[in-house]
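Below: one structure, written as structure tokens.
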Amino acid sequence: MKTVERERYEAQAIEGKWQARWEADRLSHAPDFDPRPKFYFLTMYPYPSGDLHTGHWYAMAPSDAAARFRRMQGFNVMFPMGFDAFGLPAENAAIERGIHPYTWTMANIDRMRRQLRSMGAMWDWEREVVTCDPDFYVWNQWFFLKMYERGLAYRAMAPVDWCPKDNTSLAREQVVGDERVCERCGTPVIKKNLEQWFLKITTYAEELLEYSGIEWPDRVRLLQENWIGRSEGVEITIPVRDHPGRSFDVFTTRPDTVFGMTFAVLAPEHPLVDLLTTSEQRAEVEAYKFKAARASDIERLSTEKERDGVFTGAHAINPMSGEAVPIYIADYVLLTYGTGAIQGVPGHDQRDFEFARKYGLPIPVVIAPPGWAGEALEQAYLGEGTMVNSGEFDGVPSAEGWRRIAEAMERRGIGRRKVNYRLHDWLISRQRYWGTPIPIIYCQTCGTVPVPQEDLPVLLPHDAEFRPTGESPLKYHEGFRTVRCPQCGGEEAERETDTMDTFVDSSWYQYRYLSPGYGDGPFDPHVARYWLPVDQYTGGIEHAVLHLLYTRFWTKVMRDLGLVDFGEPMLRLYNQGIVLGPDGYRMSKSRGNVVDPDEQIARYGADTFRAYLMFMRPWNEGGPWDTQGIEGVHRWLHRIWSLARVPASPARPRENGNAREIRRRTHATIKRVTEDMAEFHFNTAIAALMEFVNFLGETKDRWGGHHEWAAALRTLLLMVAPIAPHLAEELWARGGEPYSIHQHSWPSFDPELARAERVTLVIQVNGKVRDRIEVSAAIADADAKALALASERVRRLTAGRRIADVIVVPGRLVNIVLS
RNA sequence: GCGGGCGUAGCCGAACUGGUAUAGGCGCCAGAUUUAGGAUCUGGUCGGCGCAAGCCGGUGGGGGUUCGAGUCCCUCCGCCCGCACCA
């Protein structure tokens with residue numbers, strides 16, 4: 001018997017045992033229909049890179065604790081896990097090492113599943129989703145066809161960002177940084193003109209700016225708002241003087257400055273350029289166009305570069321003033337934003353100002369800054385003011401002028417108010433093998449033909465050849481590419497050989513978890529009615545404008561298809577931070593600062609590793625790994641172990657106050673921990689539990705035999721259960737409690753019991769703390785005041801002084817103000 | 001340039017609606033135990049002055065509001081992130 005009592009806490013000895021037991025008992029399986037209220041707790045699924053690193057643990061272990069907490073609170077919690085299994089690394093492995101992407105991916109998934117199991121998380125593996133499984137990607141194709149039917153998927157020739165290393169096009173969001181590099185491999189991207197498939201996310205631009213009904217971090221909202229880039233303005237039709245009947249549109253957010261337009265600028269690629277260019281100017285224009293096409297975006301967009309352009313030889317007419325103005329082309333005007341043409345208003349736009357200076361164009365003032373006396377501008381004036389040199393609008397404040405000019409233009413049919421977005425449609429074509437085939441057939445007779453639904457899935461052929469050609473390996477796969485036209489039966493038809501961006505998968509994977517085997521649709525609508533939408537989503541901030549925008553778009557499309565009756569996929573979102581190496585840098589093999597989870601588990605056990613990740617810093621911040629910090633958490637778990645294992649000294653009933661004090665501490669701790677867990681404040685929840693453990697340790701010798709003390713210990717284990725699930729289960733069992741602690745209710749607290757009976761009343765004189773006295777928490781203000789004034793130390797300080805005021809904060813503080 | 005965030009001990013951090021600044025952990029110091037080291041336990045640990053009681057200072061700098069400011073306002077400094085010729 002004695003040897004058992006003295007047994008030390010050895011995590012490795014208990015963790016595997018409980019993991020096996022929980023799995024055998026299907027403890028983590030969430031039934032689809034259940035009297036309990038449901039809680040769909042989702043954590044971003046990983047890419048199966050082959051190794052589970054500390055970053056995965058940081059994202060997953062604390063969210064597991066939060067999910068466990070919800071389950072103990074009485075919810076039927078669905079906590080699924082899967083793999084984002086399509087994507088470039090698998091294909092690169094195929095090219096570099098001759099391993100088939102499928103083989104590579106599946107081997108990685110196997111390995112990662114094993115590693116994930118060591119975490120002791122409550123994932124419902126019966127719901128696992130692997131996106132490269134045809135059972136999954138067939139629904140990508142199904143969704144695509146639905147969108148195609150509705151005009152939400154379309155094909156267009158477009159200049160795309162192209163990664164020359166990965167040999168594929170990239171979505172705009174996948175091009176990062178000042179150097180405009182591929183987010184995956186860091187290679188500078190180039191522009192390429194290709195026929196590409198797009199999803200019409202811009203249709204939902206306005207709705208995507210609306211966040212009512214969901215609790216998402218402001219940070220994410222701001223990033224998305226910034227990305228969508230809404231701006232209100234007026235689209236003005238500018239007639240071309242030299243080609244009667246011809247005109248082009250410009251977009252401006254400052255219609256009030258229209259009288260100040262002294263030139264117009266088209267993007268070099270603007271379709272009207274060829275027509276407008278006069279023969280004298282042709283050579284110069286062509287040279288400029290050539291130069292602009294060759295320049296990479298980085299040079300072109302550089303603010304260092306001097307603004308330049310070329311006169312086309314043609315003139316436009318300012319539709320408000322009737323004046324003729326020269327038309328230029330310049331690469332500071334982007335074809336991809338607005339109309340690809342602008343009004344040149346040098347007085348009130350800094351770029352136009354520089355351009356006008358360079359080419360000697362007039363720079364009239366049409367919005368007079370306050371106090372302006374007619375002098376020339378040193379730089380563009382961007383603020384508000386009074387309209388001048390603006391015909392009938394002279395003297396009008398510019399803000400009012402904005403509206404009046406917009407109205408006048410609408411009345412005269414020369415302009416209309418318009419909202420412009422920086423958001424572009426989502427480019428989903430990838431010239432790669434390892435993705436979902438786009439279910440489209442090009443027929444010589446019928447043109448673009450969608451694959452009929454009954455022919456789905458369009459399967460990825462296994463026997464493709466992997467060559468880094470810049471085109472999909474599917475293009476060289478005769479058996480895949482050549483196909484009969486499903487419409488006319490003709491043999492002169494070819495399949496689309498591009499595959500879909502993997503962000504398509506993650507846009508709706510959360511719905512597949514509901515019923516991963518379901519064959520009649522992307523998910524079982526009955527099951528969906530119970531579980532949806534996702535109650536809590538957690539993941540990294542890096543997905544703020546990619547995945548998180550796409551999945552909101554996708555859900556809105558699903559709503560419009562009648563598949564769901566809500567428009568927001570996730571009610572609450574929480575972003576965890578990033579764990580860095582001990583040196584404060586991002587963990588990377590080349591730096592040698594990687595903290596390997598498997599090593600940590602071998603050394604401390606999964607529970608310690610989990611608890612430390614939660615304790616080291618606020619979860620939303622992340623930060624450097626502290627090699628010694630984990631020791632402190634490990635010690636804490638040891639202390640819990642000995643607290644629960646070493647027999648208590650026999651009951652020594654003392655004064656009644658003991659039981660009350662234990663109960664008070666217990667309830668106060670439950671309150672703190674409950675509130676912190678609900679808000680993902682794991683670090684402070686654990687700090688509160690540490691204090692509680694310290695308290696139980698200090699009182700053990702005196703009160704250890706008391707039933708109230710034993711109850712406190714039991715409560716402690718329940719609160720530790722989400723954080724260190726194995727340890728809690730083990731001690732629970734050893735304490736003779738029925739299996740499983742994880743099926744027990746979270747302890748509830750009574751705020752009355754949590755309240756201290758005696759409090760320290762702080763006594764200040766002129767705002768400085770001068771004394772502290774122990775009083776009943778329920779002390780009346782008048783009594784508190786009297787006690788404060790009676791304090792020896794206060795009397796010394798107030799002697800001979802006039803007391804101007806006494807401020808009493810009930811149960812906390814008395815401040816005596818001397819005049 | 002535009003948008004956002006942050007700055008508290010030697011380190012990571014805590015502090016609800018303004019009300020005892022520094023909880024909890026790490027580290028460090030001392031003690032107990034031990035042949036020793038390690039582990040464990042106990043106590044101490046913001047700075048200055050003081051034998052002590054105590055006094056003074058203290059949340060990046062400066063100013064303000066308030067009986068009272070880490071918290072609110074203004075301003076400056078430093079660091080971080082996102083977007084960026086977006087018309």
Side-chain angles (χ1 to χ4, degrees), chain A residues 8 176-178 217-227 229-231 233-234 250-254 257 265 267 297 300-305 307 330-334 336-345 348-352 354-355 382 420-423 541-542 544-545 612 615-618 621 623-633 635-636 638-639 642 672 675-676 681 683-694 697-698 759-772 793 796 803-819:
Chain A
R8 285 176 50 81
V176 296
D178 288 345
D218 288 344
R219 181 138 172 250
V220 172
R221 289 175 47 172
L222 281 161
L223 286 168
Q224 294 199 345
E225 278 167 17
N226 212 317
W227 189 259
R230 181 185 199 275
S231 57
V234 174
V250 298
F251 175 75
T252 179
T253 54
R254 291 296 302 274
T257 65
V265 188
D297 272 22
R300 188 167 161 180
L301 298 183
S302 165
T303 38
E304 309 294 309
K305 177 178 169 284
R307 221 167 289 298
D331 63 8
Y332 78 91
V333 175
L334 310 172
T336 48
Y337 182 78
T339 60
I342 61 157
Q343 55 168 1
V345 183
H348 306 286
D349 181 287
Q350 192 55 31
R351 295 152 298 180
D352 296 347
E354 288 163 25
F355 192 82
L382 308 177
N420 228 311
Y421 302 94
R422 280 176 36 205
L423 182 72
I541 187 77
E542 67 273 19
V545 286
Y612 176 62
F615 181 65
M616 57 181 251
R617 291 186 120 199
E621 284 175 26
W625 179 267
D626 181 347
T627 319
Q628 281 174 318
I630 191 170
E631 298 279 355
V633 173
R635 256 173 249 162
W636 175 59
H638 268 287
R639 247 174 253 137
S642 19
R672 283 174 68 186
E675 288 164 1
D676 284 344
H681 296 162
N683 58 329
T684 48
I686 292 173
L689 288 169
M690 283 175 168
E691 284 181 59
F692 194 46
V693 167
N694 291 345
E698 284 157 21
V759 291
T760 306
L761 187 70
V762 170
I763 298 163
Q764 297 183 334
V765 176
N766 284 342
K768 284 186 190 294
V769 179
R770 295 302 179 181
D771 204 356
R772 297 179 169 92
R793 305 186 52 206
R796 225 185 309 137
I803 293 168
D805 199 3
V806 178
I807 285 145
V808 181
V809 181
R812 300 194 84 140
L813 166 147
V814 177
N815 188 11
I816 297 155
V817 187
L818 302 177
S819 52

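Each chain gets a letter, A, B and so on, in the order its sequence line appears, and its residues count up from 1.
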Checklist outcome for this item: Across all chains, not counting sequence neighbours, the side-chain contact (heavy atoms from CB on, under 4.5 Å) partners of D218(A) are R221(A)
Next on the checklist: Going by the rule side chain to side chain donor-acceptor pair (under 3.5 Å), which residues pair with E542(A) if we only count those two or more places apart in sequence or in a different chain?
Outcome noted: none
Quick test: give all pairs of protein nitrogen or oxygen and nucleotides 10-12 of chain B nitrogen or oxygen below 3.5 Å, distance rounded to 0.1 Å.
unit_1  : atom_1 : unit_2  : atom_2 : d
rC12(B) : O3'    : R617(A) : NE     : 2.6
rC12(B) : O3'    : R617(A) : NH2    : 2.8
rC12(B) : O2'    : M616(A) : O      : 2.8

Checklist entry - Going through the distances and angles, do Q343(A) and D352(A) end up as a side chain to side chain contact (heavy atoms under 4.5 Å, CB included)? => result CA-CA 9 Å; Q343(A) 55 168 1; D352(A) 296 347; 5.9 Å; no
Checklist entry - When the distance from CG of L689(A) to P of rA14(B) is rounded to whole Å, what number comes out? => result 16 Å
Checklist entry - If we take the P atom in both rC80(B) and rU8(B), what is their distance in whole Å? => result 15 Å
Using a cut-off of under 3.5 Å, enumerate the N/O to N/O pairs linking the protein to nucleotides 65-72 of chain B.
unit_1  : atom_1 : unit_2  : atom_2 : d
rC67(B) : O2'    : N815(A) : ND2    : 3.3
rC67(B) : O2     : N815(A) : ND2    : 2.6

Item to check | R351(A) vs rG1(B): side-chain N/O to OP1/OP2 distance below 4.0 Å | outcome: no
Checklist outcome for this item: Sorted by chain and number, sequence neighbours left out, side chain to side chain donor-acceptor pair (under 3.5 Å) with E225(A) holds for none
Checklist entry - How many Å lie between CG on D349(A) and P on rG1(B), as a whole number? => result 16 Å
Protein-nucleotides 28-32 of chain B N/O pairs under 3.5 Å:
none

Measure all distances between protein nitrogen or oxygen atoms and nitrogen or oxygen atoms of nucleotides 53-57 of chain B, and list the pairs falling under 3.5 Å.
unit_1  : atom_1 : unit_2  : atom_2 : d
rC55(B) : OP1    : R793(A) : NH2    : 3.2
rC55(B) : OP2    : R793(A) : NH2    : 3.3
rC56(B) : OP1    : R770(A) : NH2    : 3.4
rC56(B) : OP2    : R770(A) : NH1    : 3.1
rG57(B) : OP2    : K768(A) : NZ     : 3.3

Checklist entry - Does S231(A) have any side chain to side chain donor-acceptor pair (under 3.5 Å) partners at least two apart in sequence or in another chain, and if so, which? => result Y337(A)
Checklist entry - With a non-hydrogen cut-off below 4.0 angstrom, is E354(A) in contact with a base, only sugar-phosphate, or nothing? => result nothing
Checklist entry - Residues in side chain to side chain donor-acceptor pair (under 3.5 Å) with T684(A), at least two apart? => result D676(A)
Next on the checklist: Run the salt bridge (Lys or Arg N to Asp or Glu O under 4.0 Å) test against R230(A) and tell me which residues pass, sequence neighbours left out.
Outcome noted: E206(A), E232(A)
Checklist entry - Whole Å only: how far is the CD atom of E225(A) from the C1' atom of rG3(B)? => result 10 Å
Item to check | side-chain contact (heavy atoms from CB on, under 4.5 Å) partners for R254(A), two or more places apart | outcome: T252(A), D256(A), T257(A), I367(A)
Checklist entry - Please, what dot-bracket string fits RNA chain B when only Watson-Crick and G-U pairs with both distances under 3.5 Å count, crossing ones use [ ] and pairs to another strand use |? => result (((((((..(((......[....)))((((((.......))))))((((....))))..(((((..]....))))))))))))....
